[in-house]
Amino acid sequence: MPNAIINGFIDWQEMDHQHVKVTITYEGLTVSLIFKFDKHGLVQTFSTSERPCITLDGKIIHIDWSAHYQNYAKQKDLILLTRFQAIWHYDDGTLFILMIAMLI
């Protein structure tokens, strides 16, 4: 959502040379994410503790969630993400992992 950056919906706060806290506020809802970048400026991971999840009994809870960027490929002048892993981190230690591979 590139237009969100210029519309003031996103606030970036540098935490250190590898981490940025991003807070997105839109129509009364706010969520924060932590992005980690490698030495080349590519995203390695992002995470939040505010990801909604529906439990088996129908309740909505917020749990830790992270995305791990696992592979990039260069196509012409673009660097494109080709594979990432989404992980839901439940309080009991259970993980639900979804692997996504993108064809370019």
Side-chain angles (χ1 to χ4, degrees):
M1 301 184 323
N3 66 336
I5 294 170
I6 61 173
N7 288 330
F9 301 141
I10 300 176
D11 178 54
W12 297 78
Q13 296 176 339
E14 183 178 348
M15 299 172 71
D16 59 35
H17 71 283
Q18 279 191 297
H19 297 86
V20 174
K21 180 179 180 181
V22 176
T23 302
I24 303 168
T25 302
Y26 184 74
E27 293 190 4
L29 297 173
T30 299
V31 64
S32 294
L33 306 121
I34 305 294
F35 283 82
K36 181 180 179 186
F37 297 87
D38 68 13
K39 65 182 178 180
H40 304 289
L42 298 173
V43 175
Q44 289 182 314
T45 64
F46 71 88
S47 60
T48 183
S49 60
E50 303 171 34
R51 177 81 175 190
C53 176
I54 300 175
T55 63
L56 293 175
D57 60 1
K59 294 179 185 172
I60 297 176
I61 61 172
H62 291 86
I63 63 172
D64 291 343
W65 182 86
S66 59
H68 299 254
Y69 289 52
Q70 296 185 327
N71 193 48
Y72 287 93
K74 189 166 184 176
Q75 187 176 38
K76 298 186 181 181
D77 292 332
L78 300 174
I79 298 173
L80 303 171
L81 177 66
T82 61
R83 190 172 59 238
F84 92 47
Q85 195 175 54
I87 304 172
W88 287 258
H89 306 262
Y90 291 91
D91 289 340
D92 66 0
T94 303
L95 300 178
F96 175 76
I97 301 172
L98 175 65
M99 177 69 81
I100 299 169
M102 295 166 243
L103 301 174
I104 56 170

Non-hydrogen side-chain atoms of [X] and [Y] separated by less than 4.5 Å:
{"X": "Val22", "Y": "Ile10", "result": "yes"}
{"X": "Phe46", "Y": "Val20", "result": "no"}
{"X": "Tyr69", "Y": "Leu42", "result": "no"}
{"X": "Ser66", "Y": "Thr45", "result": "no"}
{"X": "Trp88", "Y": "Leu98", "result": "yes"}

Does a sphere of radius 6.0 Å around [atom1] in [X] hold more than 12 heavy atoms from other residues, nucleotides or ligands, not counting ones at 6.0 Å or beyond?
{"X": "Asp57", "atom1": "CG", "value": "yes"}
{"X": "Asp91", "atom1": "CG", "value": "no"}
{"X": "Tyr26", "atom1": "OH", "value": "no"}

To the nearest 0.5 Å, tell me how far [X] [atom1] sits from [Y] [atom2].
{"X": "Leu33", "Y": "Glu50", "atom1": "CG", "atom2": "CD", "value": "7.5 Å"}
{"X": "Lys36", "Y": "Met15", "atom1": "NZ", "atom2": "CE", "value": "12.0 Å"}
{"X": "His68", "Y": "Arg83", "atom1": "NE2", "atom2": "CZ", "value": "13.5 Å"}

Do [X] and [Y] land in one hydrophobic cluster if side-chain heavy atoms of ILVMFWY residues count as linked below 4.5 Å?
{"X": "Ile24", "Y": "Phe35", "value": "yes"}
{"X": "Ile97", "Y": "Ile100", "value": "no"}
{"X": "Tyr90", "Y": "Ile87", "value": "no"}
{"X": "Trp12", "Y": "Val31", "value": "yes"}

Given the options Val43, Leu78, Thr82, Tyr72 meets side-chain contact (heavy atoms from CB on, under 4.5 Å) only with Val43
Among Cys53, Ser49, Pro52, side-chain contact (heavy atoms from CB on, under 4.5 Å) partner for His62 =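 Output: one option passes, namely Pro52.
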Taking the side chain from Gln70 and the backbone from Phe84, do they hold a donor-acceptor pair closer than 3.5 Å?
->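 Flag not set: sc Gln70 to bb Phe84 has no pair under 3.5 Å.
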If only atom types and distance count, is the side chain of Thr23 paired as donor or acceptor with the main-chain N or O of Ser32 below 3.5 Å?
->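 It does not hold such a pair.
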Of all heavy-atom pairs between Ile34 and His19, which one has the smallest distance, and what is that distance?
-> CG2-CD2, 4.2 Å
List the atom of Asn71, the atom of Leu81, and the distance in Å for their closest heavy-atom pair.
-> O-CD1, 3.4 Å
Verdict with reasoning, His89 to Leu95, per side-chain contact (heavy atoms from CB on, under 4.5 Å) | CA-CA 5 Å; His89 306 262; Leu95 300 178; 3.4 Å; yes
